[in-house]
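Working notes, beginning with the structure itself.
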Amino acid sequence: YDEEPTAQISWVTTLYNHDNGGTLSPDDPCDPWHVYMASLHWSVMTITSIGYGDIVPARNVEYVTCIVCMLFGGILWAFIIGSTCSLIANADPVESNFETNTDLLNHMLTEADVPHV
């Protein structure tokens, strides 16, 4: 029975063990900074829902570059979606002005205790 005990296998050893499909990286897997960058890369990739591609970073510099690019892309995408929604919501300025005036009138009537009919 030649398998390693499962207690000794973690995501770090799987990530850096090239024999089992891990990355071929000269970086030290015992360095906390490298482990932190790998885990931050995974969390940013998960939070931004970019996904797990076939091309993965191998060096610590590549991890940092990917993290920065993913955050920039996520922020840019949020800005584009927000701007598009704002353009659609404010497409008719006459209707927007009418709704604003109606809201102000309703607020004034509520403060003046005018009964509802």
Side-chain angles (χ1 to χ4, degrees):
Y1 200 75
D2 293 0
E3 290 189 30
E4 291 183 41
T6 56
Q8 294 178 0
I9 299 174
S10 72
W11 68 272
V12 177
T13 56
T14 304
L15 176 68
Y16 285 100
N17 188 356
H18 183 64
D19 296 335
N20 292 333
T23 60
L24 181 59
S25 176
D27 292 335
D28 182 18
C30 295
D31 184 7
W33 178 251
H34 296 166
V35 175
Y36 180 76
M37 282 297 111
S39 61
L40 185 62
H41 175 261
W42 176 84
S43 63
V44 169
M45 197 166 36
T46 302
I47 289 172
T48 57
S49 64
I50 289 175
Y52 313 105
D54 293 337
I55 301 171
V56 294
R59 307 270 332 233
N60 198 37
V61 175
E62 294 171 359
Y63 278 110
V64 173
T65 303
C66 287
I67 291 167
V68 169
C69 289
M70 285 189 289
L71 288 175
F72 177 75
I75 291 168
L76 181 64
W77 181 246
F79 176 76
I80 290 170
I81 295 296
S83 296
T84 304
C85 290
S86 176
L87 286 173
I88 292 171
N90 297 323
D92 189 6
V94 174
E95 183 179 350
S96 178
N97 190 21
F98 171 76
E99 289 176 359
T100 301
N101 288 336
T102 304
D103 289 341
L104 289 171
L105 180 61
N106 284 335
H107 183 67
M108 182 189 73
L109 292 174
T110 302
E111 282 188 356
D113 290 329
V114 175
H116 294 286
V117 178

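Hydrogens, waters and symmetry mates play no part in the numbers below; they use all other heavy atoms, side chains included.
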As an exercise, state the distance from CG of N60 to OH of Y36, rounded to the nearest 0.5 Å.
12.0 Å

In terms of hydrophobic clusters joined by side-chain contacts under 4.5 Å, are L40 and W33 together?
yes

Between T65 and V61, is there a donor-acceptor pair closer than 3.5 Å when you use the side chain of the first and the backbone of the second?
yes

Sidechain-backbone polar pair: E62 side chain, R59 backbone, donor-acceptor under 3.5 Å
yes

Could you pull out the closest heavy-atom pair between T48 and M70, with the gap in Å?
CG2-O, 4.3 Å

In Å, rounded to the nearest 0.5 Å, how long is the span from CD1 of I67 to CH2 of W42?
13.0 Å

Between the CG atom in L109 and the CG atom in L104, the distance rounded to the nearest 0.5 Å is 11.0 Å

Indicate the atoms forming the closest heavy-atom contact of C66 with H41, along with that distance.
CB-CD2, 3.6 Å

The reported gap from CD1 in I80 to SG in C85 (rounded to nearest 0.5 angstrom) is 12.0 Å

CG-CD distance between N90 and E95, expressed to the nearest 0.5 angstrom
10.5 Å

In one Ile/Leu/Val/Met/Phe/Trp/Tyr side-chain cluster, 4.5 Å: V64, M45:
yes

Quick check: do V94 and F98 have side-chain heavy atoms less than 4.5 Å from each other?
no

Same hydrophobic cluster for V44 and W77, using side-chain heavy-atom links shorter than 4.5 Å among ILVMFWY?
no

For N101, the option from N97, D103, L105 that meets side chain to side chain contact (heavy atoms under 4.5 Å, CB included):
N97

Any heavy-atom pair between the side chains of F79 and I75 that's under 4.5 Å?
no

